**Student:** 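Below you'll find the structure I mean.
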Amino acid sequence: MKYFALLYKNVLRNHRRTLLTVTSIAVSLFLVATLLTLLNELQNPIETPDSALRLITRHKVSLFNSLPIAYRQKIAKVEGVQAVMGSMWFGGVYKDPSNFFAQFSADTDQFFEVNADMIIPEDQKQAFLKDRTGCIVGKSLAKRFDWKLGDRIHLKGALFQFDPELTVRGIYEGGSDLGTTLFFHWEYFNEGLNNAGFTGTFTIRARSADEVPKIAERVDALFQNAPVPTKTETERAFILGFASMLGNVQLLITSICSAIIFAIVLVAANTMAMSIRERVREIGVMKALGFHSNRILALLLAESMLLALAGTLLGSLGARTIYSRLDLATLTSGFLLRLDVNPKILLLCFGIGCVVGLLAAGVPAWRASRFPAIEALRRVA
Amino acid sequence: MRIPLKYNVGSLWVRRVGTLMTALGIGLTVAIFITMQALVNGLDATFVETGRPNHLIVIRDGALNETNSYFNRDLLGTIKLLPGIRTDETGEPLASGEIIVVINHPRITGESSNVVVRGTTPAGLKLRPEMTLVQGNWFRRGLREIVVSESMSRRFQNMRLGDSLSMSRSSWKVVGLFSAGGRAHESEVFTDVEDVAQDWDRPIYTSLLLEASDAAAAQAIIKRVADDRRIHLQAVSQQKYFRDQTVSSVGIKGLGTFIAFVMGVGSCFAAMNMMYATVMSRTKEVGTLRVLGFSRSSILSSFMVESILLALCGGLVGCLLALPLHGISTGTANFVTFSEVLFNFRITPRILLQGMIFAGIVGIFGGALPARRASRVTLIEALRQ
């Protein structure tokens, strides 16, 4: 630690250069942290204890095919099933097609048992259950369209020839969708469709986590030879299925991140090279005073690491602070729910910072530390 | 009096290692910018080029697209009677009743995606002349035969020529591979409309495709379909129908803009760093220039030119780095039909120009402060060095 003062002096030798380098690295690491978080959120949907208990049953062919509502009773009797609800993507238009958001009709018998992680006041829950044309909306969605309790929402059917007239009876938080969805009664939907009696998917809540894989097998076995076979998977796998539809996001993001990291290595290396070039004489003096080459190399590397890590910490912690304060769901119209720069990503960024620091100083520091002292002293600045 | 450009080129050359590193740094930023633009452009162009001006798509009134449309088959007869539909050599109106279904099918890489299967007719193939058979034959009715595009064949399992895949109740054989010049058709599996209707129990049509004889006839048909309250259908120009699907690129667009902006800011700082170093080490030279009679403003503009030159070198490197991506095939979710759309990275001269402009802006912002600093060098300061 006795060299810290020397390091500190050297880093701040040229304020402006240090500031520009650190800012440049910080901005880039901010971007890397953002992209890695985005990838992480896509590949690892939030897994809460509640979400881990849920399974989704859909038609075996694809989500576009619906299931008979009569399956509900059969699924409810499957061993290990605590609660089940049918729900159907409505996909209606609210005023204008650009106001896109998720709308589901859901059967309400066990709605709040299945979605036990939804936070909603008890009186609003009851008001929704009692009103056949009532609906509940997520907090972030309500904010987007400025909906209050009692507001009327008119949806125009696109997939179905039915235009529901709904009343907001409750505003919920949490749930697997983080408050971005509208739910209304399946019974109302079914009436609108002349009692067609079908639904899109069933959401099952298991009694315990051990039961989850077994339930999937039991449910699918039950309908294996039925005219409408099913595919049951965990809520997590179901969400991952959507993410995989976006294509090879992983390749795109990892290549962009590698390019960014390479670019900051260049920026930092340039700075270190400039800084070391100016100091050749000084290094010669240090050698003449008896500093070993390896020690000088270590000092220069440490200096570069200090620069890189300052930028890294600024960028990654900055990203964490900024994203935790922004209401991303509202800002991006529900496109992005949240960006949680978690400790694992911070650690990864820290690792990137270390590598950048080492790589950047590597060549110039090695050369400077091996430069003969006499030669260095002979140089006139 | 202007300071000659040669001076700047020489100065960049003297510091070639630093110049190269800074230029490469800016180049990487430009390469990322071009890559994202090429993705957006490729996806958008796939949709835009698919729409033909006089082609019309008829779907159920209120439906947003084919995937949520269905209607009675009799309506094809009603529509066919409308005046202004182009006829084929036998005098039959060119209109095709089609059914699309969506299946969940695994890619070569393992994960599944939604794929559109389209049941069409001989008229439907005539209406899509851009589809050309590359290998094998077209599908025949009643034999559960399918034809897929070459890019699908490379991206999905069991879609090579001669492969069989199971859909709905039957096993379907791939009898041909087609190409459609990178248009949206290349994302669909084509087969006979009756085969789809039977296998999926759907005795309906999800859409009709027809060709109007000219633009005025197309407008007239759109109006007539809209005005006929009994049939509950809507006719949309194929051009508009596909242009609406470019909404699928909104995510990449947003991400691309965000990345370009942040990287641009980072590159500005890097360029600024390099330019400050140049200015500082040339204080004496600047003093000499002043003594020779060059004005402050010509020194300012000379350093600006040098910064822009440096950034443009970077831009050039970026263009070269990104160019090999051109034509690479990839796929993403079509937000409208909720199924996979295949497209190619597409780099155009326009995008390359945008990349160079992007680099130029980095040069301007990165060079402004250092150039101002250089123009304010006093003679005393210069002589002291």
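Computed from a predicted model, the values in this text were never measured in an experiment. Order of the sequence lines sets the chain letters (A, B, ...), proteins ahead of strands, with each chain counted from 1.
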**Student:** Where does B:F338 contact chain A at under 4.5 Å (heavy atoms): side chain, backbone, both or neither?
**Tutor:** both
**Student:** So how far is it from A:L31 CG to B:T29 OG1, rounded to the nearest 0.5 Å?
**Tutor:** 9.5 Å
**Student:** With a 4.5 Å cut-off on heavy-atom pairs, point out which of A:L251, A:L63, A:N248, A:T21 contacts chain B the most.
**Tutor:** A:T21
**Student:** Take atom NZ of B:K253 as the centre, draw a 6.0 Å sphere, and report whether it contains more than 12 heavy atoms from other residues, nucleotides or ligands.
**Tutor:** yes
**Student:** Below 4.5 Å from any heavy atom of chain A, which atoms of B:S69 appear? Answer side chain, backbone, both or neither.
**Tutor:** neither
**Student:** Closest heavy-atom contact between A:F64 and B:T337?
**Tutor:** CZ-O, 3.3 Å
**Student:** Could you tell me which portion of B:I26 (side chain, backbone, both or neither) has an atom closer than 4.5 angstrom to a non-hydrogen atom of chain A?
**Tutor:** neither
**Student:** On a heavy-atom basis, which atom in B:N273 and which in A:R17 lie closest, and how many Å separate them?
**Tutor:** OD1-CG, 3.3 Å
**Student:** Name the member of B:V265, B:T330, B:N65, B:I259 that forms the most heavy-atom pairs with chain A at distances under 4.5 Å.
**Tutor:** B:I259
**Student:** Can you tell which of A:L19, A:L159, A:N65, A:L38 has the highest number of heavy-atom pairs within less than 4.5 Å of chain B?
**Tutor:** A:L159
**Student:** Measuring heavy-atom distances to chain A, does B:S112 have an atom under 4.5 Å in its side chain, in its backbone, in both, or in neither?
**Tutor:** backbone
**Student:** Counting only heavy atoms closer than 4.5 Å, note whether B:R169 contacts chain A via side chain, backbone, both or neither.
**Tutor:** neither
**Student:** Can you tell me which portion of A:V93 sits under 4.5 Å from chain B's heavy atoms? Options are side chain, backbone, both or neither.
**Tutor:** side chain
**Student:** Taking the side chain as C-beta and beyond, is there a heavy-atom pair between B:L255 and A:L35 under 4.5 Å?
**Tutor:** yes
**Student:** Specify the closest pair of heavy atoms between B:R107 and A:S244, including all atoms of both residues, with the distance to one decimal.
**Tutor:** NH2-O, 2.8 Å
**Student:** What part of B:I32 gets closer than 4.5 Å to chain A, counting heavy atoms only: side chain, backbone, both or neither?
**Tutor:** side chain
**Student:** Name the region of B:M36, side chain, backbone, both or neither, that has any atom closer than 4.5 Å to a heavy atom of chain A.
**Tutor:** side chain
**Student:** With chain A as the partner, which of B:E340, B:M263, B:E111 has the greatest number of non-hydrogen pairs under 4.5 Å?
**Tutor:** B:M263
**Student:** Could you tell me which non-hydrogen atom of A:M274 sits nearest to which non-hydrogen atom of B:A277, and how far apart they are?
**Tutor:** SD-CB, 3.0 Å
**Student:** Is there a donor-acceptor pair closer than 3.5 Å between any side-chain N or O of A:S62 and the backbone N or O of B:V102?
**Tutor:** yes
**Student:** Measure distances from B:L39 to the heavy atoms of chain A and classify the residue's part below 4.5 Å as side chain, backbone, both or neither.
**Tutor:** side chain
**Student:** Name the option with the most non-hydrogen atom pairs under 4.5 Å to chain B; the candidates are A:S24, A:G91, A:A158.
**Tutor:** A:A158
**Student:** Where do A:G247 and B:R155 come nearest, in terms of heavy atoms and distance?
**Tutor:** CA-NH2, 4.3 Å
**Student:** For B:R60 and A:Q161, which heavy atoms make the closest approach, and how far apart are they?
**Tutor:** NH1-CG, 2.7 Å
**Student:** Does NZ or CZ of A:R16 come closer than 6.0 Å to the centre of the six-membered ring of B:Y276, within 45° of the ring's axis?
**Tutor:** yes
**Student:** If you count heavy-atom pairs within less than 4.5 Å of chain B, which of A:T34, A:L252, A:N14, A:V27 leads?
**Tutor:** A:V27
**Student:** Taking CZ in B:F365 as the centre, count heavy atoms belonging to other residues, nucleotides or ligands within less than 6.0 Å. Is the count above 12?
**Tutor:** no
**Student:** Can you list the residues of residues 258-268 of chain A that sit under 4.5 Å from chain B, counting heavy atoms only?
**Tutor:** A:A259, A:I260, A:F262, A:A263, A:L266, A:V267
**Student:** Distance check, rounded to the nearest 0.5 Å: A:M245 atom CE versus B:N104 atom CG?
**Tutor:** 8.5 Å
